[in-house]
Structure formats: structure tokens, C-alpha cells
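It should be emphasised that the depicted structure is a prediction, and the values quoted were computed from it without experimental measurement.
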Amino acid sequence: MTDHNDNMEDLQVTYPGAGTFKLADTKGRVEHLNRLVAAKQKTATCLPWSEFENDQDALPQKGRCDIIANWDGTPAMVVRTVSVEKIKFRHVTPQLAMAEGEDKDIEAWRKRTAKAFGTKGVLDRDTLLVFETFELVEDLSVR
């Protein structure tokens, strides 16, 4: 069995410039969201623009492959960014919201997103979000 670092070096050769990120900040959410991506039910993610404002190199890049990590930091999947959109919270369409694969409708998406990124469950309608749409390139668990 190769160790974690050998895998990462392998992936950097196969997917030059790939960044590694987790889809959430708790183990249960990471595992749940990774399952949705693997099943191709989750094809988008978003974060507030403020997360990138001081580090625009961290922004997803259209066409680039990145690595979604498991909770323990090991590589789980490789995704390719299809589009990156800077969009106000109030302008997110039902289609875009549903691409996140977590909610039954736009109202549920708004509520979850406001709770995650807002203050006391409220998110300003004009808050800029970075919406990344992606496609699954490789599920590394079957490598």
C-alpha cells in the first residue's frame, strides 16, 4: 500500500495544479457530501466571496481539476471545474441551488446557506457568493 504522500504526488503528476479541498468542516458532512459527489447528485458548491477576497489564487478555475478530500485529508475524488460564477445570494436560481444536491427546493437551499454563511441565520441578499459547478472526473476509491 502506498502512503498518503505518494498518492498526492501521483495526483499532482496526473492533474497538474490541482488544489485539494474539503466540502465541509465536520466529518459527517464531509462524508455525506462526498457520497453525493460520487453519485453525481452534487455538481456544485458555493462559498461567500469574502472567503477568497484576500486569496484569489484559491478561487476555482474553469477547466482545472481539483481534488476533493476525505475528512482525514486523503484524496477522495477528482473534479473538473465547469464554471465559476460570482453571484449575489438573491440572484441564485433554483437550477443553480439544486446543483448543490442537498436541498428539496430553493427555499430549503436559502435557509441552509443563510444558516451556514450568515449571522444568526440571516444572510444579506446582496452577499456575493462564488458558485462553482463541477463534473466528477475520477472516484479515487475505485483506483
Under 3.5 Å donor-acceptor, Q61 side chain and L59 backbone = yes
Return yes if some donor-acceptor pair links the side-chain N/O of N34 with the main-chain N/O of A69 below 3.5 Å, else return no.
-> yes
Stepwise, does the side-chain contact (heavy atoms from CB on, under 4.5 Å) test hold for T45 with F131?
-> CA-CA 6 Å; T45 192; F131 232 103; over 6 Å; no
Would you call K40 and E135 a salt bridge, using N to O less than 4.0 angstrom?
-> no
May I ask you to say whether E102 pairs ionically with R29, meaning some side-chain N is under 4.0 Å from a carboxylate O?
-> yes
All heavy atoms of R110 vs all of V92, minimum pair found to be NH2-O, 4.3 Å
Under 3.5 Å, is there a donor-acceptor pair between the side chain of T74 and the main chain of N70?
-> no
Taking everything shown except K22 itself, do over 12 heavy atoms lie less than 6.0 Å from its NZ?
-> yes
Heavy atoms from other residues, nucleotides or ligands near CZ of R90 exceed 12 (cutoff 6.0 Å) | yes
Ignoring hydrogens and geometry, is there a side-chain-to-backbone donor-acceptor pair from T127 to L123 under 3.5 Å?
-> no
Expected output: side-chain D66 to main-chain G19 donor-acceptor under 3.5 Å = yes
Between the side chains of W71 and E31, does any donor sit under 3.5 Å from an acceptor?
-> no
A114 to G121 - nearest heavy-atom pair and separation = CB-O, 3.4 Å
Taking only residues two or more places apart in sequence or in another chain, which ones pass salt bridge (Lys or Arg N to Asp or Glu O under 4.0 Å) with D55?
-> none
What about the rings of F89 and W109, do their centers lie closer together than 6.0 Å?
-> yes
Within the side chain of D103, is there an N or O that forms a donor-acceptor pair under 3.5 Å with the backbone of D105?
-> no
Check whether any side-chain N or O of K42 sits under 3.5 Å from a backbone N or O of E100 as a donor-acceptor pair, and report yes or no.
-> yes
Nearest heavy-atom pair of V78 and C65: which atoms, and what distance?
-> CG1-CB, 3.8 Å
Taking atom types as modelled and ignoring hydrogens, do the side chains of T81 and E132 form a donor-acceptor contact shorter than 3.5 angstrom?
-> yes
Assess whether atom CD of Q95 is packed by more than 12 heavy atoms of other residues, nucleotides or ligands within 6.0 Å.
-> no
Of all heavy-atom pairs linking D124 and D126, the shortest is OD1-N, 2.6 Å
